[in-house]
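Working notes, beginning with the structure itself.
In what follows, chains are A, B, ... by sequence order, proteins preceding strands, each numbered from 1. Note that these values count all heavy atoms, side chains included, but never hydrogens, waters or copies made by symmetry.
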There are 2 protein chains.
Amino acid sequence: MYLGYKGPVLSSEQDARYRMAPPPAPQTMKERILETADKLFYLQGIRAIGVDTIAAEIGISKRTLYNHFPSKNALIAAYLERRFVHARASDKPPAEQILATFDSLERRFAAKDFRGCPFVNAVAELGPQDRAVKKIAIAFKESRRVWFRDRLNELGVADAEALATQLVLLVDGSIAQDLVRDDPAMARAAKEAAKVLLRNAGVDVGSDAKKPMKGSKRAPD
Amino acid sequence: MYLGYKGPVLSSEQDARYRMAPPPAPQTMKERILETADKLFYLQGIRAIGVDTIAAEIGISKRTLYNHFPSKNALIAAYLERRFVHARASDKPPAEQILATFDSLERRFAAKDFRGCPFVNAVAELGPQDRAVKKIAIAFKESRRVWFRDRLNELGVADAEALATQLVLLVDGSIAQDLVRDDPAMARAAKEAAKVLLRNAGVDVGSDAKKPMKGSKRAPD
DNA sequence: GCCTAAGTACACAGGTCTGTGTAACCAAAA
DNA sequence: TTTTGGTTACACAGACCTGTGTACTTAGGC
């Protein structure tokens, strides 16, 4: 296979990274297209980016792109599917895992290339007609909710379903707020709220060092 | 001013409504354009709707539209400004007002023409470049947060700022979730979480019986 | 050395979009 | 009646978009 290399395909930092790594990342063409589509779709918006732009960014011809994806819609679908990475379980205690979610959220907010949830954004800009996009967005949201629920069940929380839903509300709320405000503190606010909800459900989330809260309720056993 | 009327400008239900009202709503042309732009932009997406479509929907020429708005961008800005209605205070007790927010949210979710927060959607699809859109979106979000904060201050809550932020997270979270899932129950889940947060801050939000629902609200005084 | 698979360059069809130019038209005010 | 201002119909420029057609080039396997 001839990979006609014609100039700087990778941005300078990426380039440097790959240069010092032993194997220069034997990326398949499809993966290169997807990687670039991901960056542009996510950062600028799906409708805002044409296939020409993607091809030009990689340095390939538009024809090549269409040889790998039959249509832009197919590329959009592949983009979203690639974004759908299932959250992995860790060996840490469940309560810690749950709270760590918000810490990781805060880290992502702080990065300058964060621009909200790709699934919510896609549904927002592609409209209600696009059933395929909506379907994968629903699946993603549900997978996140289920992840919380499973951890809550490990903790023996009574109504894990309801609490899991409330936690995803906090996650999505902080994402939406950060999207417009660019304020990573939204993740911390969500974490504090999550702690209150967890404590209210009888989960031990450590001492409440920073807020002694006057009329605080003791958790029901 | 000649309002060249050329066929059904209003949908049948609207038409009926206006027919039985004494003044047939002396809408200015600008307002008619804005009303239609609002409906189409919000329901289908800003980028998805061209000015031709808006003009055709009203039954006016594209030229007329451009005589009232110098560019599509100006129309978008006017659309968002028109959406920016400040939440009004009522005479109900603050805690009730806060919780009523989530009831009204649930009602809006149940309507089939709800499609998320227009400001968040606009930021999502117009990208980070569009400073004007982002600015008004930030202003809107902040106005909502301040509304919560003021009510919490009336209630004597210690850290009203932080709690207000947490409440808007629940609001925006439920909006995002409903956008992809079409599930009004998200508003109820947010309300339940809000109750827990409020109770944790020392606010009396009534008994924890799942649904006292009617008439069981005792005014605090 | 030849064949094949993959990529390239480039043109182009056909559509949509924003925005403008222009002459005619109509209603109501002067 | 004449003027004036908002409106219409319609054409069009120029950009951009998705997707295709075609002939050429190159690397690697046989």
Determine whether the aromatic ring centres of residues B:Phe84 and B:His86 are separated by less than 6.0 angstrom.
yes
With no hydrogens and no angle check, do the side chains of B:Gln166 and A:Glu192 hold a donor and an acceptor under 3.5 Å apart?
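Looking only at side-chain atoms, A:Glu192 and B:Gln166 do not form any donor-acceptor pair under 3.5 Å.
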Between the side chains of A:Arg151 and A:Gln97, does any donor sit under 3.5 Å from an acceptor?
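Note: A:Arg151 and A:Gln97 side chains meet the donor-acceptor criterion.
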For [X] and [N], give me the distance from atom [atom1] to atom [atom2], rounded to whole Å.
X       : N      : atom1 : atom2 : answer
A:Ile46 : D:dC16 : CD1   : P     : 21 Å
B:Asp52 : D:dA15 : CG    : C1'   : 14 Å
A:Leu75 : D:dC17 : CG    : C1'   : 14 Å
A:Leu65 : D:dC17 : CG    : P     : 13 Å
B:Ile49 : C:dT16 : CD1   : C1'   : 13 Å
B:Ile60 : D:dG6  : CD1   : C1'   : 12 Å
A:Ile58 : C:dG7  : CD1   : C1'   : 13 Å
A:Phe69 : D:dT18 : CZ    : P     : 15 Å

Dump the pairs, protein N or O against N or O of nucleotides 20-23 of chain D, anything under 3.5 Å, distances to one decimal.
{"residue": "D:dG21", "atom": "N7", "partner": "A:Arg63", "partner atom": "NE", "Å": "3.1"}
{"residue": "D:dG21", "atom": "O6", "partner": "A:Arg63", "partner atom": "NE", "Å": "3.4"}

Report yes if at least one side-chain N or O of A:His68 is closer than 4.0 Å to OP1 or OP2 of C:dA6; otherwise report no.
no
Is the shortest side-chain N/O distance from A:Thr64 to OP1 or OP2 of C:dG7 below 4.0 Å?
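No, A:Thr64 has no side-chain N/O under 4.0 Å of OP1/OP2 on C:dG7.
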Looking at A:Phe119, is A:Arg83 sitting on its ring face, NZ or CZ under 6.0 Å from the six-membered ring centre and within 45 degrees of the normal?
no
Residues in salt bridge (charged side-chain N to carboxylate O under 4.0 Å, His left out) contact with A:Asp182, at least two apart in sequence or another chain
B:Lys134
If the plane angle is over 60° it's perpendicular, under 30° parallel, otherwise tilted; pick one for B:Phe114 and B:Phe109.
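Tilted, since the angle between the ring planes falls between 30° and 60°.
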